[in-house]
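Comments concern the structure below.
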Protein chains: 2
Amino acid sequence: MIELKAEQLEIIQKMSVFQVRAGMPPTEARILALLLVSDRTELTFDEIRETLNTSKSAVSTALNTLVLRNKVESITIPGDRKRYFKHQLKNWNSNAKDGLEKLLSVNQLLKEILAVRTSETEDFNQDLKNVIAFIDFMQVELVQVFEKWNKQQQKENN
Amino acid sequence: MIELKAEQLEIIQKMSVFQVRAGMPPTEARILALLLVSDRTELTFDEIRETLNTSKSAVSTALNTLVLRNKVESITIPGDRKRYFKHQLKNWNSNAKDGLEKLLSVNQLLKEILAVRTSETEDFNQDLKNVIAFIDFMQVELVQVFEKWNKQQQKENN
DNA sequence: CTTTTGGTTCTGAATTAAAAGAACTAAAAT
DNA sequence: ATTTTAGTTCTTTTAATTCAGAACCAAAAG
């Protein structure tokens with residue numbers, strides 16, 4: 001059972017509200033937030049369960065999907081039976097990238113729609129073409145932004 | 001009642017599955033998709049209700065939230081009592097921008113977390129700083145990307 | 001003024017999602 | 001060999017969404 005200051009509890013609260021709004025299940029959101037604020041960055045299954053006062057089953061499934069989604073890594077320490085769970089901060093970047101790509105993949109459908117539309121509605125079709133062009137543009141630009149970031153990071157590590 | 005080809009029905013299906021996965025309620029998703037594929041781009045309440053075979057209450061609440069979220073606009077034609085509903089394609093761009101900004105606003109919370117963290121966990125804190133720096137970077141870059149797009153559009157309209 | 005139209009709002013009912021609880025399992029410890 | 005540990009998986013319960021159906025309402029038409 002991890003002792004948390006009032007501040008830390010508040011942040012867990014705020015952070016998980018935020019993530020839940022974005023579509024994440026509450027237990028997952030609270031685990032992620034706990035792993036961000038906790039003084040120890042590697043917590044056991046039971047520490048998480050006790051601290052968040054949640055059932056084993058809920059913690060188990062939440063942790064498994066978090067590990068699957070590369071949001072959390074599970075660490076085993078030789079000679080210690082328990083697994084330790086740690087927030088995968090390092091993957092934030094690439095998770096963000098994946099998320100954006102998924103958002104932009106709607107463009108495929110928009111192109112299908114354009115192909116099927118009547119040619120009568122010129123203005124509407126032009127607006128649709130603009131949206132498609134915009135998303136295509138974003139896709140290209142975002143790749144460049146990510147590349148720029150990676151280069152900048154490499155420099156700093158010299 | 002709008003007549004739809006098989007193709008159009010399929011796209012409504014695919015598109016709404018996509019949007020529902022992203023967290024949108026089914027009726028809203030189907031209305032949006034219908035307004036994208038339909039040959040007529042402005043449909044009445046009852047055309048929507050009949051075509052999607054849905055209850056008045058469901059259509060009413062869905063349309064109202066869609067209008068509220070600037071996804072659909074409602075048009076009134078003088079001398080016609082009915083309202084016509086039309087997909088707000090033009091707002092796609094700014095809706096996307098708002099969505100991204102909201103995503104990036106998580107950074108405020110991450111900064112709070114960093115401020116509250118113990119200084120013992122140097123590596124973790126450094127990773128957290130990197131994430132924060134990354135999001136700050138994205139924020140700046142995205143503004144530029146949007147500006148670039150807008151300029152490019154202005155040019156084309158000359 | 002009464003009726004019709006074009007919706008809205010207010011219950012439920014049905015579905016879905018999330019969490020709890022309990023039974024289970026594999027590995028490790030005794 | 002039995003028990004404990006660390007967690008998983010299955011079933012049930014609870015809670016939240018979503019939709020339908022009916023009553024309702026305001027503006028326009030007759």
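Predicted model only: the values in this text are computed from it and were never measured. Below, read A as the first sequence line, B as the second, and so on, with proteins coming before strands; counting in each chain starts at 1.
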Atom CZ of B/Arg83 and atom C1' of D/dA28 are separated, to the nearest Å, by 16 Å
Answer yes or no: is there a side-chain heavy-atom contact under 4.5 Å between A/Glu73 and A/Gln88?
yes
Respond yes when some side-chain nitrogen or oxygen of B/Arg49 is under 4.0 Å from OP1 or OP2 of C/dT8, and no when none is. no
Taking atom types as modelled, find out whether A/Asn95 and A/Asn70 have a side-chain donor-acceptor pair closer than 3.5 angstrom. no
Q. Any luck finding a side-chain donor-acceptor pair between A/Arg83 and A/Ser74 under 3.5 Å?
A. yes
What does the list of N/O pairs under 3.5 Å between the protein and nucleotides 12-14 of chain D look like, with a distance for each?
none

Protein-proximity profile, nucleotides 18-30 of chain C, B/S/- by nucleotide at the 4.0 Å heavy-atom cutoff, equals SSBB----BBS--
To the nearest angstrom, the CG-P distance between B/Leu43 and C/dG7 comes to 12 Å
Atom NZ of A/Lys82 and atom P of D/dT8 are separated, to the nearest Å, by 15 Å
Quick note, B/Thr61 side chain, CB onward, closest among D/dG7, D/dT9, C/dT9 is C/dT9
Please determine whether a side-chain nitrogen of the Lys or Arg among A/Arg40 and A/Glu47 lies less than 4.0 Å from a carboxylate oxygen of the Asp or Glu. yes
Look at B/Arg69 together with B/Asp98 and state whether they make a salt bridge at an N to O cut-off of under 4.0 Å.
no
- Is the shortest distance from a Lys or Arg side-chain nitrogen in A/Lys14 or B/Glu112 to a carboxylate oxygen in the other one below 4.0 Å? yes
note: B/Ile31, atom CD1; C/dG7, atom P; distance rounded to Å ~ 13 Å
B/Glu50 CD to C/dG7 P, in whole Å, measures 13 Å
Atom CZ of A/Phe85 and atom P of D/dA6 are separated, to the nearest Å, by 12 Å
Would you call B/Lys86 and A/Asp127 a salt bridge, taking side-chain N to carboxylate O under 4.0 Å as the test? no
Only one of A/Val140, A/Asn130, A/Leu103, A/Leu104 passes side-chain contact (heavy atoms from CB on, under 4.5 Å) with A/Ile135, and that residue is A/Leu104
* Does A/Glu10 come within less than 4.0 Å of A/Lys5, counting only side-chain N to carboxylate O? -> no
- Query: Hey, does A/Asp46 reach any base, or is it just sugar-phosphate, or nothing, if we go heavy atoms under 4.0 Å?
  - Reply: nothing
Taken to the nearest whole Å, CG/B/Asn64 to P/D/dT18 is 16 Å
